[in-house]
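All figures in this text were calculated on a predicted structure; none of them were measured in a lab.
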Amino acid sequence: MWARRQCGLLLMMASWAAAQGTIPGAVSVQDLRVVRDPANNLRVEITLSAPSNAAPSVTVATNPSRLVLDLPNTLSGAKQQQLSVNYKGVRRVRLGLNSAVPPITRVVVEMDEAHPYSLQSEGRRVTLVISPAPNAIAS
């Protein structure tokens, strides 16, 4: 009895995993990088397996301050990725699968305070540009 349950569970998980790779129009995250640019901005660069047919969106969250970037029709690994940043008020960046059906990958940028930002999407690359906070003291 126990062996049948285990076998059934494995078959169900295998079919679910196979279905994840065949979602029409879904792309996957291939790379996540956080880089500084010459203008003192931070760039969160996400490289996808192919251009996405759905537009990414950003939501501003407070208490604590965060930027939440949702990538619709995008799959990512089962394990959440975290990158420590600790630069100009940006603490860290997390990436993970927020929803399997429909597939939505979420990138969360944790910050000390609100920062101006812009979102760029071109081809396989999605870039969230985070500028220094307007009331930050220059060093």
Engineer: Given side chain to side chain contact (heavy atoms under 4.5 Å, CB included), test E110 with R94 step by step and report yes or no.
Structural biologist: CA-CA 8 Å; E110 298 176 8; R94 296 181 280 136; 2.7 Å; yes
Engineer: Given side chain to side chain contact (heavy atoms under 4.5 Å, CB included), test L32 with Q81 step by step and report yes or no.
Structural biologist: CA-CA 9 Å; L32 170 68; Q81 293 181 33; 4.1 Å; yes
Engineer: Does any part of the side chain of T74, heavy atoms only, come nearer than 4.5 Å to the side chain of P103, both counted from C-beta?
Structural biologist: no
Engineer: Hydrophobic cluster membership, with links at side-chain heavy-atom distances under 4.5 Å among I/L/V/M/F/W/Y: are L75 and L71 in one?
Structural biologist: no
Engineer: Between V35 and E45, does a side chain to side chain contact (heavy atoms under 4.5 Å, CB included) hold up when you go through it step by step?
Structural biologist: CA-CA 8 Å; V35 296; E45 299 176 348; 3.6 Å; yes
Engineer: For a quick test of reading the model, state the closest non-hydrogen atom pair linking A133 to P116 and the distance between them.
Structural biologist: CA-CD, 4.2 Å
Engineer: Heavy atoms, side chains only, cut-off 4.5 Å: are P72 and S52 in contact?
Structural biologist: no
Engineer: Once side chain to side chain donor-acceptor pair (under 3.5 Å) is applied, what residue pairs with a partner in residues 59-69 remain, sequence neighbours excluded?
Structural biologist: none
Engineer: Go through R125 and Q120 one step at a time and tell me if the side-chain hydrogen bond (donor to acceptor under 3.5 Å, both in side chains) criterion holds.
Structural biologist: CA-CA 8 Å; R125 180 162 290 172; Q120 304 163 0; over 6 Å; no
Engineer: Taking side chain as C-beta onward, heavy atoms only, is V58 less than 4.5 Å from V68?
Structural biologist: no
Engineer: Taking only residues at least two apart or on different chains, which pairs with a member in residues 25-42 satisfy salt bridge (charged side-chain N to carboxylate O under 4.0 Å, His left out)?
Structural biologist: D31-R33
Engineer: Is the side chain of S99 donor-acceptor paired with the backbone N or O of I104 at a distance under 3.5 Å, no angle test?
Structural biologist: no
Engineer: Do you see a donor-acceptor pair shorter than 3.5 Å between the side chains of D70 and N98?
Structural biologist: no
Engineer: So does I130 get a backbone contact from the side chain of H115, meaning a donor-acceptor N/O pair under 3.5 Å?
Structural biologist: no
Engineer: Pick out which of V108, I46, V109, L42 makes a side chain to side chain contact (heavy atoms under 4.5 Å, CB included) with V93.
Structural biologist: V109
Engineer: Looking at L69, V129, T127, which one forms a side chain to side chain contact (heavy atoms under 4.5 Å, CB included) with L119?
Structural biologist: L69
Engineer: So Q30 and L48, do their side chains get closer than 4.5 Å, heavy atoms only?
Structural biologist: no
Engineer: Listed by chain and number, what are the side-chain contact (heavy atoms from CB on, under 4.5 Å) partners of V60, not counting sequence neighbours?
Structural biologist: L67, Y117
Engineer: Would you say that L128 contacts V107 through its side chain, given a criterion of any heavy-atom pair below 4.5 Å between the two side chains?
Structural biologist: no
Engineer: Could you check whether any side-chain heavy atom of L95 comes within less than 4.5 Å of a side-chain heavy atom of T105, counting everything from C-beta outward?
Structural biologist: yes
Engineer: Between R92 and Q82, is there a side-chain donor-acceptor contact under 3.5 Å, judged purely by atom types and distance?
Structural biologist: yes
Engineer: Is L97 reachable from V29 through a run of I, L, V, M, F, W or Y residues, each pair having side-chain heavy atoms under 4.5 Å apart?
Structural biologist: no
